[in-house]
Amino acid sequence: MPVRRGLLAGPVLDVAPKLLGMVLRSTTQEGTVAVRLTEVEAYDGANDPGSHAYRGPTARTEVMFGPPGFLYVYFTYGMHFCMNVVAGPDGKPSAVLLRAGEVIEGLDLARTRRGHPTEEQPAFNQTAPAALEQPHAARKETPSIRGEAPDIRGEAPDIRGEVPGGGGVPGVESAASGVRQGPVVKRPKASPDRDLARGPARLCVALGIGRAANGIDLLAKHSPIQLLPGPGYDGEPSTGPRVGLRDAADRPWRFWIPNDPTVSPYRPHVPKRR
DNA sequence: GCATCGATCGGCT
DNA sequence: GCCGATCGATGCC
């Protein structure tokens, strides 16, 4: 059973650390992947210059202005998705960015999505990197949050949305088909399982989450993405500044499980150069 | 391990 | 037009 909505309705600085040790489980046509959350950041809406909601609602951020327990997914850097759990009472646009987790279910699928080689599917024989959501996918109007189940519609229940061009990549067999005689066949370096969901965009890839997941209710019984109590975390979380923020960079609103290897490294904001 | 850099495009000023 | 709640590759220590 998903967690109770009331658990997420409090002040975001209280809610964020509570998410540590909880489990996020995502099911698509491809299968199920679940992670135990190890690192999060709090974003306090109108009081927080670092929040996307700071300047008031827009089409992109409207989910955050609704009730807690819904998913806010955004696209950034022209290629990555990140996700937040909406927190606080209805109307207050606070949210918790999910930054990292440990894959505890669906390890093989997570590896495939992240471009890892496996026994059955060597990396050099893969189709497009686990079919990340394509930015060019036809826009769908933002789901109206309350009530209706967002977006997924009659389409394939793949949370990521369509992949234009559809199928495999031509010419992939070349590398694999070669008569391999030499002792060593070079393959892309597989990052360790530790890195599968280490970082907010990697976490989205591992769970197969893209634009179509925006506005999903994580607490609904039949939701394809659910927030579950999991083992929780009893200890005292570590805290520190949030990663990569220009504004409000000093607020120590990042929370993580101490010494957990899946927690992402801290990086300060770096101004673009030209 | 750490620093730097390019990719790539949507959202907002 | 600017720039990001990022990542992976590369080069160096």
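These numbers come from the heavy atoms of this one structure, side chains and all, not from hydrogens, waters or symmetry mates. Everything quoted here is computed from the prediction, not taken from an experiment. Reminder, nothing fancy here: chain letters follow the sequence lines and each chain counts from 1.
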Side chain A:S223, main chain A:A220, donor-acceptor under 3.5 Å: no
For A:R198 and A:P261, the nearest pair of non-hydrogen atoms, with its separation, is NE-O, 3.4 Å
Using side chain to side chain contact (heavy atoms under 4.5 Å, CB included) as the criterion, point out the one residue from A:V35, A:I225, A:V33 that pairs with A:S26. A:I225
Determine whether the aromatic ring of A:Y77 stacks with the base of B:dA7, defined as ring centroids separated by less than 5.5 Å and ring planes inclined by less than 30°. no
Could you state the NE2-P distance from A:H269 to B:dT4, rounded to the nearest angstrom? 14 Å
Ordered by number, residues from residues 244-256 of chain A within less than 4.0 Å of DNA chain C (heavy atoms) are A:G244, A:L245, A:R246
With A:D217 as reference, evaluate A:R5, A:Q226, A:H222 under the side-chain hydrogen bond (donor to acceptor under 3.5 Å, both in side chains) test and give the passing residue. A:R5
If you take atom types as modelled and just measure distance, does the side chain of A:H52 reach the base of C:dA5 with a donor-acceptor pair under 3.5 Å? yes
Tell me: CD1 of A:I209 to C1' of C:dT6, nearest whole Å? 17 Å
What's the CZ-P distance between A:R60 and B:dC9, to the nearest Å? 17 Å
Rounded distance [0.5 Å steps], CD1 in A:I257 versus CG in A:N259: 10.5 Å
Hydrophobic cluster identity match, A:I209 and A:L228, side-chain contacts under 4.5 Å: no
I need the CE-C1' distance between A:M79 and C:dC3, as an integer number of Å. 13 Å
Side-chain N or O of A:S51 closer than 4.0 Å to phosphate OP1/OP2 of C:dA5: no
Give the rounded distance in Å between these two atoms: NE2 of A:H80 and P of B:dG10. 14 Å
Within the supplied structure, the quantity of interest is the number of heavy atoms (other residues, nucleotides, ligands) at a distance under 6.0 Å from A:K92 NZ; does it exceed 12? no
When the distance from CZ of A:R113 to P of C:dC7 is rounded to whole Å, what number comes out? 17 Å
Step through the shown structure and confirm whether more than 12 heavy atoms of other residues, nucleotides or ligands are within 6.0 Å of CG on A:D234. no
Once you round to the nearest 0.5 Å, how far does NE2 of A:H80 lie from CG of A:L203? 13.5 Å
Stems in DNA chain B, runs of 3 or more consecutive Watson-Crick or G-U wobble pairs with both distances under 3.5 Å, sorted by first number, are B:1-7 with C:6-12, B:9-12 with C:1-4
Phosphate OP1/OP2 of C:dG8 contacted by A:R114 side-chain N/O (<4.0 Å): yes
Collect all protein-nucleotide pairs involving nucleotides 1-3 of chain B in which both atoms are nitrogen or oxygen and the distance is under 3.5 Å.
none

Given B:dA7, B:dT13, C:dC7, the nucleotide with the shortest approach to the side chain of A:A201: C:dC7
Can you tell me the distance, in whole Å, between the CG atom of A:D195 and the P atom of C:dA9? 12 Å
Centroid-centroid distance, A:Y72 to A:Y74, less than 6.0 Å: yes
Side-chain heavy atoms under 4.5 Å apart, restricted to Ile/Leu/Val/Met/Phe/Trp/Tyr: what other residues fall into the cluster of A:V263, or is it alone? A:W256
Pick base, sugar-phosphate or nothing for A:R267, based on heavy-atom distances below 4.0 Å to the nucleic acid. nothing
Between the base of C:dA5 and the side chain of A:Y74, is there a donor-acceptor distance below 3.5 Å? yes
Donor-acceptor pair, distance only, cut-off 3.5 Å: does the side chain of A:R113 make one with the backbone of A:D108? no
So which nucleotide from C:dG8, C:dT6, B:dC9 ends up closest to the side chain of A:R202? C:dG8
Residue pairs meeting side chain to side chain donor-acceptor pair (under 3.5 Å), one or both in residues 31-50 of chain A, sequence neighbours left out, come to A:T27-A:T32, A:R36-A:E102, A:R36-A:D260, A:T38-A:T262, A:E39-A:R99, A:E39-A:R254, A:E39-A:S264, A:E41-A:Y43, A:D44-A:N47, A:D48-A:R242
Check whether any side-chain heavy atom of A:P2 sits under 4.5 Å from a side-chain heavy atom of A:L227, and report yes or no. no
Among A:L98, A:L97, A:L37, A:L219, the one residue meeting side chain to side chain contact (heavy atoms under 4.5 Å, CB included) with A:V85: A:L98
In whole angstroms, the gap separating C1' of C:dC7 from CZ of A:R198 amounts to 12 Å
Note: contacts of residues 96-104 of chain A with DNA chain C (heavy atom, under 4.0 Å) are A:L97, A:R99
